[in-house]
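To start, the structure itself, in structure tokens.
Bear in mind the structure is a predicted one, so any value in this text is a computation, not a measurement.
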Amino acid sequence: MATVVTVVFGIGLGMTGYTIIWPLFGAANQLLAALALLAVCAWLGNAGKNNRMFYLPMVFMLAVTVTSLCMTIQVQGSVLLGLAQGDLFTAVAQTLISALLLVMAIILAFKGAKTVMAAAKAKKDAAA
């Protein structure tokens with residue numbers, strides 16, 4: 001099933017042009033980096049190691065990426081409403097993908113933050 005989905009999306013992008021989703025590649029790539037930092041931070045926290053050096057880069061990357069996705073949704077939403085010029089199919093595709101990435105990022109960020117805070121609390125309780 002995964003192969004069929006991958007092949008169908010690949011053929012679809014090949015026939016319609018990858019330029020439809022290319023503007024989202026940077027945001028998706030940076031979101032992956034932010035979530036990797038979050039995963040390492042949570043893992044180190046659960047292992048009882050110092051993870052504070054990951055907080056600033058993780059929050060910065062996550063904030064920039066979420067802002068970029070929100071701006072993409074706003075710009076493509078104005079195309080959907082007819083307030084700006086652009087291709088309707090591209091606007092729909094970029095809006096849906098951006099919204100999906102944004103929702104997944106927020107869910108993972110909250111779950112990761114909860115994990116990091118729980119690990120910090122457990123470390124603090126163990127020290128006391």
Side-chain angles (χ1 to χ4, degrees):
M1 187 64 185
T3 302
V4 171
V5 170
T6 304
V7 169
V8 167
F9 280 129
I11 290 171
L13 282 175
M15 295 177 81
T16 60
Y18 66 91
T19 56
I20 293 171
I21 63 166
W22 185 252
L24 298 174
F25 177 75
N29 191 28
Q30 294 305 310
L31 182 61
L32 181 62
L35 294 177
L37 285 170
L38 179 65
V40 170
C41 186
W43 175 68
L44 286 173
N46 282 336
K49 308 266 185 190
N50 184 11
N51 61 355
R52 291 184 183 178
M53 66 277 215
F54 290 101
Y55 290 168
L56 184 62
M58 174 186 60
V59 169
F60 177 75
M61 298 249 327
L62 198 57
V64 169
T65 305
V66 167
T67 302
S68 171
L69 289 172
C70 288
M71 290 175 68
T72 301
I73 291 170
Q74 180 184 12
V75 168
Q76 297 306 329
S78 66
V79 172
L80 291 174
L81 294 174
L83 302 174
Q85 300 231 350
D87 182 24
L88 188 61
F89 178 72
T90 302
V92 169
Q94 287 185 7
T95 302
L96 290 176
I97 293 170
S98 296
L100 181 65
L101 285 172
L102 185 62
V103 167
M104 289 190 299
I106 290 171
I107 290 170
L108 286 173
F110 277 119
K111 287 185 180 265
K114 187 177 175 182
T115 301
V116 169
M117 288 180 199
K121 185 175 188 283
K123 185 177 178 181
K124 184 179 176 183
D125 290 343

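- By the rule that hydrophobic residues join a cluster once side-chain heavy atoms approach within less than 4.5 Å of another member, L38 and I106 end up as members of one cluster.
- With T67 contributing its side chain and A63 its backbone, the two residues share a donor-acceptor pair below 3.5 Å.
- Under a hydrophobic clustering in which Ile, Leu, Val, Met, Phe, Trp and Tyr are joined whenever their side-chain heavy atoms come within less than 4.5 Å, directly or via other members, L100 and V66 fall into the same cluster.
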key: Audit row: L37, L62, side-chain contact (heavy atoms from CB on, under 4.5 Å) steps and yes/no   = CA-CA 10 Å; L37 285 170; L62 198 57; over 6 Å; no

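- A continuous path of hydrophobic side-chain contacts links V116 to V40 [ILVMFWY only; heavy atoms under 4.5 Å].
- Residues I11 and I21 do not share a hydrophobic cluster, defined by chaining ILVMFWY side chains whose heavy atoms lie under 4.5 Å apart.
- Taken from OG1 in T95 to CD in Q74, the straight-line distance is 11.0 Å, to the nearest 0.5 Å.
- Taking CD of Q76 as the start and CG of L96 as the end, the distance is 11.0 Å to the nearest 0.5 Å.
- Within 6.0 Å of CZ in F60 there are 12 or fewer heavy atoms belonging to other residues, nucleotides or ligands.
- In this structure, CE on M61 lies 9.0 Å from CG on L32, to the nearest 0.5 angstrom.
- At a threshold of 4.5 Å between side-chain heavy atoms, the hydrophobic network of Ile, Leu, Val, Met, Phe, Trp and Tyr places I107 and L31 in two separate groups.
- Taking both residues in full, the closest heavy atoms of I73 and S98 are given as CG1-CB, 3.5 Å, listed atom of the first, atom of the second, then distance.
- The ring-ring contact (aromatic ring centres under 6.0 Å, His included) test applied to F89 returns no partner, not counting sequence neighbours.
- Rounded to the nearest 0.5 angstrom, M53 CE and L44 CG are separated by 6.0 Å.
- Side-chain contact between P23 and Q94 is present, with heavy atoms from C-beta onward closer than 4.5 Å.
- Among V92, L102, L69, L24, the one residue that satisfies the side chain to side chain contact (heavy atoms under 4.5 Å, CB included) test with I97 is L24.
- L101 places a side-chain heavy atom less than 4.5 Å from the side chain of M104.
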